[in-house]
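This report refers to the structure that appears directly beneath it.
Proteins come first, then strands; the chains are lettered A, B, ... in the order of their sequence lines, and each starts at number 1. Quick caveat: nothing in here was measured; it's all calculated off a predicted structure.
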Amino acid sequence: MPTVTIDGVEIEVPAGVTALQACEMAGVEIPRFCYHERLSVAGNCRMCLVEVSPGPPKPAASCALPVADGMEIKTDSEMVKKARNGVMEFLLINHPLDCPICDQGGECDLQDQAMAYGRDGSRFEEHKRAVKDKHMGPLVKTIMTRCIHCTRCVRFATEIAGVPELGLLGRGEHAEITTYLEKSLDSELSANVIDLCPVGALTSKPYAFVSRPWELSKTESIDVLDAVGASIRVDARQTEVLRILPRLHEDVNEEWLADKSRYACDALSRQRLDRPYVRKDGKLAEASWDEAFAAIADKMKGLDGSRIAAVAGDLCDAESMFALKSLMDSVGSPNMDCRQDGAKLPAGPRAAYLMNSSIAGLETADAVLLIGTNPRWEAPLVNTRLRKAWLQGGATIAAVGPQIDLTYPCENLGAGPDTLKAIADGTHPFAETLKNAERPVVIVGMGALARADGDAVLAAARALADNCNIVRDDWNGFNVLHTAAARVGGLDLGFVPGVDGRDVAGIIAGAGAGDIELVYLLGADEIDTAALGDAFVVYQGHHGDAGAHRADVILPGAAYTEKNGTYVNTEGRVQLARQAVQPPGEAREDWTIIRALSGVIGANLDYVTLGDVRAALAAANPVFEQVDQVAPASWDAFGTAGDMDAAAFESPIGNYYMTDAISRASETMAECTREFVSGNGERTGTDG
Amino acid sequence: MSDAFAFDETYRARAETIVARYPEGRQQSAVIPLLDLAQRQAGGWLPTEALEYVATYLDMPNIRVLEVASFYSMFNLEPVGKNFVQLCRTTPCWLRGSDDLRAVAKDVTGCGLGETSDDGTFTVVEVECLGACCNAPMVQINDEYYEDLTADSFKAVLEALKRGETPKPGSQAGRAGSEPTGERATLTGAGESA
């Protein structure tokens with residue numbers, strides 16, 4: 001390990017690091033614009049200049065300079081000070097002084113570094129250049145005159161997002177960043193370029209001129225719009241969530257966030273259920289909590305437990321599902337299910353429904369088989385890990401299911417169960433590829449499991465995992481990729497049919513046939529609500545979507561930014577979402593609603609505080625105690641072999657931008673749908 | 001915009017030779033010579049179709065090809081006339097009268113700098129040093145250098161082009177290369193010491 005001296009202090013650093021990284025290890029801050037630790041080195045902003053000896057008597061760009069043994073680096077010398085000052089002056093030559101009207105103001109690298117390293121006035125008296133703004137889609141606003149050509153956005157699009165559509169055209173004074181032919185940046189990760197942009201050239205379009213960073217209260221929370229459970233920061237002003245930004249979590253989302261998770265937040269103040277409703281004479285009428293509870297109690301009185309059913313939706317926190325399960329148990333109903341899409345996943349063993357390799361572990365995979373899944377739309381941040389496995393490790397990736405552009409080469413082996421069976425039997429050549437791999441991975445999506453023959457498909461996938469040696473002593477590459485944030489939590493706490501209980505399909509059929517008289521929908525909007533027949537439907541949730549439309553009683557709940565809730569992501573990581581704002585109007589945290597209802601119907605649940613619920617939850621399944629940990633699940637038997645339907649696997653997501661009650665209510669997501677999914681990407685003269 | 005672009009037989013053969021020079025997997029290195037071929041076939045400029053054809057040919061993203069094409073001033077991204085006149089205006093040519101040449105170009109072709117004549121015969125642009133300072137002032141017309149120009153000789157060149165003739169390239173003052181215009185002034189005798 002080379003030893004270097006930084007500002008007079010000797011430090012030993014790993015071989016191969018750059019001078020900039022060595023300085024960081026020594027705790028010395030180096031200003032930079034183009035350098036970013038997750039992107040390739042460009043070395044074009046020149047802000048990171050340091051003095052190095054031995055070497056030529058001039059400043060060197062530390063981001064692109066590998067350290068050598070005995071190197072002496074100075075970051076506080078007169079030469080460095082002058083160099084930084086000079087670079088800053090050059091950068092500001094063409095940068096407009098419009099900070100007062102710039103959305104980056106207050107969180108701008110250029111602003112901060114100009115304060116720290118720049119000069120106090122300008123000597124530049126010539127004309128500044130102006131650059132035409134570019135169209136980059138409905139999420140990214142551009143003010144290209146502010147661009148300092150660091151090319152972080154270009155490198156992000158090319159390397160991480162895998163959509164090489166951004167580029168630096170022209171040269172010198174005339175250089176401009178643009179997308180090819182000014183088309184929208186067609187990526188589910190496009191808005192990350194806003195975070196990467198060190199100046200105000202790329203800013204958030206929906207958030208334009210909305211607020212200043214110092215006006216916002218910031219709450220660290222967890223995203224629930226897919227099953228990745230990305231770490232987020234919720235920025236709110238008073239009662240309104242104004243924006244959502246990613247937070248660093250190396251094992252989950254690194255520092256990225258998918259566009260839906262970032263921009264569906266405008267829906268948190270639209271189409272909200274902010275008071276209880278009771279259906280009277282066929283029409284929903286506003287009601288008080290007491291009236292709503294009384295209507296439910298009235299219906300439940302004397303009703304046998306077997307005629308009551310509950311379905312939990314995709315955005316539910318574990319606490320509310322647990323409370324509802326307790327309620328169902330106490331009224332003697334075994335009819336409950338958290339698998340709205342009908343996925344044939346067992347409630348145990350845990351290995352049967354987890355991403356056992358962990359999300360970060362996907363990076364080390366060298367052979368990957370995708371079964372009935374489109375990770376690009378189902379979990380964009382899982383897809384970036386797979387892309388990294390291909391880009392950095394040269395992984396071989398193949399798919400059984402739909403043919404999709406995943407941003408990396410993916411060989412399509414076949415469309416459905418026949419191919420899956422052939423690989424499991426070892427008659428397909430890809431079986432050899434998996435056997436010979438050091439870190440083989442199989443990812444089973446809901447497109448393969450949410451079908452009538454899902455049991456048999458799961459068993460076939462399990463057989464494939466066993467036959468191709470995918471589960472080894474130190475490695476479990478059997479992965480289930482969920483699409484719902486609530487799913488793993490629901491399975492962990494056993495929100496599945498009890499003895500002789502009905503699953504989702506059975507509940508719907510039973511309601512249609514009149515065997516089920518009361519259906520309790522906890523945020524469940526993805527089922528066929530029109531097929532519930534004459535059943536009395538209670539809908540508890542936060543958005544006026546399909547469930548509320550069909551409901552006889554509406555109990556207004558809290559969205560994920562309005563409650564303290566526990567979620568378990570697709571790899572089995574228990575994470576806590578935190579309350580950023582108050583629920584609107586009369587709405588309440590969900591588990592408290594169920595607790596209050598239990599009192600009215602005389603089935604008192606015995607917890608009073610959130611702590612009580614969490615204690616009961618942990619008693620029911622100890623995994624809920626291990627927050628932010630991923631424990632390996634034991635490889636026990638699961639799956640029931642059977643005949644598989646020959647029909648092709650289809651990804652369950654038809655439109656990435658609208659998958660749940662929140663994103664369906666979002667104007668920004670509607671705009672994205674128009675731009676990217678409906679095929680109206682070409683702008684016309686009237687909406688430009 | 002022109003119709004779909006593809007290399008014709010001659011250009012395709014040349015493209016294959018060029019691409020074969022690079023190791024397997026490094027075909028993208030051929031992007032500059034291939035853009036040059038495409039520009040020649042497309043009539044002196046690169047329509048979007050040609051850029052995209054080269055991108056597909058080398059299996060690289062369109063934007064990467066556009067970055068290269070927009071970086072180098074020798075690639076034209078707008079249509080140009082049949083005779084692409086590049087006037088050198090850097091110091092040596094300027095001192096030797098490039099301003100006069102600009103006036104002549106305007107007179108004969110009707111084109112100011114950056115303009116194309118209505119009949120599509122000429123495009124006149126101003127460029128930085130083309131490296132023929134010994135024979136200043138000079139212009140480049142398509143692939144040929146015309147050097148040692150005066151207002152009269154430049155006018156003759158342009159008028160010949162206008163008539164569809166091909167004037168003789170090189171020095172218009174009769175020089176073979178960049179030797180002195182008069183008598184040799186140095187290295188005149190054998191064994192002369194410096």
### Query
How far does OG of Ser70(B) sit from NE2 of His174(A), to the nearest 0.5 angstrom?
12.0 Å
### Message
Would you say CD of Glu9(B) has more than 12 non-hydrogen atoms from neighbouring residues, nucleotides or ligands within 6.0 angstrom?
### Response
no
### Task
Mark yes when over 12 heavy atoms from residues, nucleotides or ligands other than Glu78(B) sit less than 6.0 Å from its CD; otherwise mark no.
no
#### Entry: Heavy-atom closest pair, residues Phe71(B) and Arg171(A)
O-NE, 2.8 Å
### Message
Quick check for you: to the nearest 0.5 Å, what is the distance between Thr179(A) atom OG1 and Asn62(B) atom CG?
### Response
12.0 Å
### Query
Out of curiosity, Leu66(B) CG to Leu181(A) CG, how far, rounded to the nearest 0.5 Å?
7.5 Å
### Message
Counting only heavy atoms from other residues, nucleotides and ligands, does the tally under 6.0 Å from CG of Asp8(B) exceed 12?
### Response
yes
### Task
Starting from the C-alpha separation in whole Å, work towards a yes-or-no answer on side-chain contact (heavy atoms from CB on, under 4.5 Å) for Tyr180(A) and Thr48(B).
CA-CA 11 Å; Tyr180(A) 185 68; Thr48(B) 305; 3.5 Å; yes
#### Entry: Asp118(B) atom CG, over 12 foreign heavy atoms within 6.0 Å
no
### Task
Return yes when atom CZ of Phe124(A) has more than 12 non-hydrogen atoms of other residues, nucleotides or ligands closer than 6.0 Å, and no otherwise.
yes
### Message
Does Phe90(A) have more than 12 heavy atoms from other residues, nucleotides or ligands lying within 6.0 Å of its CZ?
### Response
no
### Query
Can you tell me how far the CD1 atom of Ile63(B) sits from the CG atom of Leu169(A), to the nearest 0.5 Å?
5.0 Å
#### Entry: Closest heavy-atom pair and its distance - Arg64(B), Gly167(A)
NH2-CA, 4.0 Å
